[in-house]
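Below is one structure; the comments refer to it alone.
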Amino acid sequence: MTTENAVYINELKDHVGPEVTLHGWLYNSRASGKIQFLIVRDGTGLCQCIVEKGKVPDELFEQLKRLGQESSLSVTGTIRAEERSVGGYEMAVTNAQAVAPAEGYPITPKPHGVEFLMRHRHLHLRSQRQWAIGKVRHTVIDAIRRYFNDNGFVLVDTPIFTTIVGEDQTSLFEVDYFGRPLHLTQTGQLYLESAAMAYGRVYCFGPTFRAEKSKTRRHLTEFWMVEPEVAFIDLDGLLLLAEGLVSSIAQRVLTDNRSELQTLGADIPALERVVPPFHRLTYTEAVEILKGPKTREFLARERDELQQQKQQMEGRIAELEKQQAGQLKQWQQDKIAAELIDLRGELEEINTRIENNPKHDQLAAEFRWGKDLGGSDETIISMMHDKPVFVTHYPREAKAFYMKTDRQNEQVVQNFDLLASAGFGEVIGGSVREDDYDRLLARIKAEGLNPETYDWYLDLRKYGSVPHGGFGLGVERTVAWVIGERHIRQCIPFPRMMDKVYI
RNA sequence: UCCCCGAUAGCUCAAUAGGUAGAGCGAGCGGCUGUUAACCGCUAGGUCGUAGGUUCGAGCCCUACUCGGGGAGCCA
């Protein structure tokens with residue numbers, strides 16, 4: 001192998017002309033008698049490499065023809081612009097060397113099932129879609145760090161083994177820490193509050209663990225969360241910070257990952273709309289909407305649209321089944337069969353949504369003030385808006401002990417959730433923190449928590465307490481929303497779900 | 001915890017009324033000078049998830065279990 005004249009595929013436009021070498025893996029190949037098309041991937045992109053008989057030794061030509069998918073190889077040749085090729089450039093090969101031939105690579109360029117791909121996650125990361133998601137995830141994380149670093153925030157790493165309960169006691173992962181029971185962090189927030197009193201503006205970024213019995217497309221037991229915490233800030237200030245963060249993420253992805261967004265079929269115009277100001281609703285207003293005529297109309301319209309789609313799809317399926325019965329060439333039969341499988345899958349999903357629609361309607365209509373918003377309620381609210389929506393001032397009973405009671409209305413706390421658009425639901429939860437010693441102590445006791453464990457946390461209210469607050473943004477949910485991926489498990493390289501850990 | 005669906009070749013799926021298992025992809029071989037999930041021909045590849053039951057006969061019907069997917073609830 002030579003690293004001389006080595007180039008990466010994403011910089012081919014700067015290397016048109018002279019002989020260069022690509023190091024990568026064989027993504028796919030097509031061969032005919034005298035010409036071969038090798039699609040090579042090198043981690044930065046795909047490049048079609050043309051091997052013509054007579055322009056390379058016959059022996060090499062034959063060897064390349066037999067090279068299996070995902071064989072590692074180095075190819076040398078000259079780059080030229082070519083519209084017909086992936087990425088707009090291609091290589092005319094003059095020499096090549098197999099680094100390590102691969103045989104029988106399990107993931108073919110054809111459809112596979114979820115379980116199969118999950119069990120082969122270590123290989124699945126190489127495929128186009130997963131690769132593109134990983135690139136977007138990288139940008140999202142970089143945009144987050146950039147935003148805070150550029151705005152005077154100090155990174156503070158909070159512990160993963162913790163003694164405190166930040167969210168819900170029932171969702172703790174307990175670990176045996178040399179005989180002492182500790183648990184994995186659910187949030188760095190309480191530690192971060194103490195750091196905010198040292199630095200003013202801080203953030204932490206790390207994995208978070210929640211043992212919730214939630215088997216849904218929106219939940220992971222291990223996920224990544226960024227949490228800023230700011231001294232001397234009120235609820236309005238937090239909303240500005242959150243919309244600044246989220247819109248800067250959206251804009252960065254738009255500039256850095258346009259081709260990935262296209263590969264993934266993301267809704268780019270929707271992403272372009274993600275600019276401040278976002279919509280703002282109070283919890284009470286949200287409940288009114290859910291119980292009111294707007295929601296009834298919205299759900300009825302959705303029901304009609306779904307019924308229409310269902311009819312169209314059933315019509316198409318019937319048509320294809322009729323065609324299938326006729327005299328057709330084998331490849332036509334196959335094409336029809338493949339389309340049928342697709343359509344049946346989509347139809348099943350539409351049927352589920354039709355089935356859920358009245359349930360969601362009932363849940364929303366019967367919603368009583370005081371409950372937390374359910375998944376379907378969040379979906380309805382976010383579907384009714386064309387960009388993210390803040391919902392503020394939730395009932396105190398439904399929320400965590402550390403949230404600051406609103407002094408104008410003691411029934412609610414000064415908190416907010418940010419609901420992403422298009423039904424993706426909550427991506428941020430945050431609040432102003434209770435800064436009054438007595439009130440905080442009372443809430444800790446009311447929740448049945450042990451005040452001794454929170455001694456140090458209460459200290460923060462003893463020694464120079466200030467109004468402060470922060471929020472947590474879930475990385476995977478943000479990525480899922482940005483790219484329009486329905487299942488969160490695709491947005492982390494090695495997902496951990498409630499009932500499933502593959503590799 | 002509950003509800004629904006599924007399990008057939010390495011992968012994705014077929015199998016009409018219960019009558020002895022098929023296709024495509026992948027693999028192997030051959031053909032083709034511009035292919036785009038290429039195409040064409042040939043070959044190999046199966047204890048139909050497991051256990052039991054009904055039947056002359058079970059991939060198909062019944063029961064239990066295991067595993068997977070989707071949804072509900074609960075929650076970020």
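Chain A is the first sequence line, chain B the second, and so forth, proteins listed ahead of strands; every chain is numbered from 1.
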Once you apply a heavy-atom cut-off of 4.0 Å, does I39(A) come out as touching a base, just sugar-phosphate, or nothing? nothing
So what does K53(A) hit on the nucleic acid, given a heavy-atom distance under 4.0 Å: a base, only sugar-phosphate, or nothing? nothing
Residue from T284(A), T282(A), D417(A) passing side-chain hydrogen bond (donor to acceptor under 3.5 Å, both in side chains) with Y394(A): D417(A)
By nearest nucleotide on RNA chain B, pick out whichever of P106(A) and A31(A) is the more 5' one. P106(A)
Hey, are E476(A) and R489(A) close enough for a salt bridge, meaning a charged N less than 4.0 Å from a carboxylate O? no
R210(A) side-chain proximity, nearest of A76(B), C32(B), A72(B): A76(B)
Taking the side chain of H112(A) as heavy atoms from C-beta outward, which of C11(B), G70(B), A76(B) is closest to it? C11(B)
Starting at the 5' end of RNA chain B, what dot-bracket string do you get if Watson-Crick and G-U pairs under 3.5 Å are bracketed, crossing pairs use [ ], other-strand pairs use | and unpaired bases use dots? (((((((..((((.....[..)))).(((((.......))))).....(((((..]....))))))))))))....
Is the phosphate of G70(B) approached by N356(A) (side-chain N or O, under 4.0 Å from OP1 or OP2)? no
Quick note, K110(A) side chain, CB onward, closest among A76(B), G70(B), C25(B) is C25(B)
Polar side-chain contact Q48(A)-U35(B) base: donor and acceptor under 3.5 Å: yes
Side chain of F37(A), heavy atoms from C-beta onward: which of C32(B), U35(B), G70(B) has the nearest atom to it? U35(B)
Determine the interplanar angle of the H279(A) and H385(A) rings, folded into 0 to 90°, and report it as parallel if under 30°, tilted if 30 to 60°, perpendicular if over 60°. tilted
Which word best sums up how the rings of F116(A) and H120(A) line up, parallel for under 30°, tilted for 30 to 60°, or perpendicular for over 60°? tilted
No-hydrogen, no-angle side-chain donor-acceptor test under 3.5 Å, Q189(A) and E193(A): yes
Is there a side-chain polar atom (N or O) of R66(A) under 4.0 Å from OP1 or OP2 of A27(B)? no
What nucleotide, of U12(B), G34(B), A38(B), holds the atom closest to the side chain of R30(A)? A38(B)
Quick one: which of C74(B), G26(B), G70(B) gets closest to the side chain of S214(A)? C74(B)
With sugar-phosphate meaning primed atoms plus P, OP1 and OP2, does H120(A) contact a base, only sugar-phosphate, or nothing at under 4.0 Å between heavy atoms? nothing
Among all residues two or more places apart in sequence or in another chain, which pass the salt bridge (Lys or Arg N to Asp or Glu O under 4.0 Å) test with E52(A)? K55(A)
Describe the nucleic acid contact of Y502(A) in one word from base, sugar-phosphate, nothing, applying a heavy-atom distance below 4.0 Å. sugar-phosphate
What parts of residues 77-94 of chain A reach RNA chain B, counting only heavy atoms under 4.0 Å away? R80(A), E82(A), R84(A), E90(A)
Considering only side-chain heavy atoms of T216(A), which listed nucleotide, G34(B), G73(B), G70(B), is closest? G73(B)
If only side-chain N and O atoms count, and only distance matters, is there a donor-acceptor pair under 3.5 Å linking Q186(A) with S171(A)? yes
Could you label the plane-to-plane angle of the F471(A) and F148(A) rings as parallel, tilted or perpendicular, counting under 30° as parallel and over 60° as perpendicular? tilted
Can you confirm if the NZ or CZ of K371(A) lies within 45° of the ring axis of F367(A) and under 6.0 Å from the centre of its six-membered ring? yes
What interatomic distance, in whole Å, is found between P of U16(B) and the corresponding atom of C3(B)? 29 Å
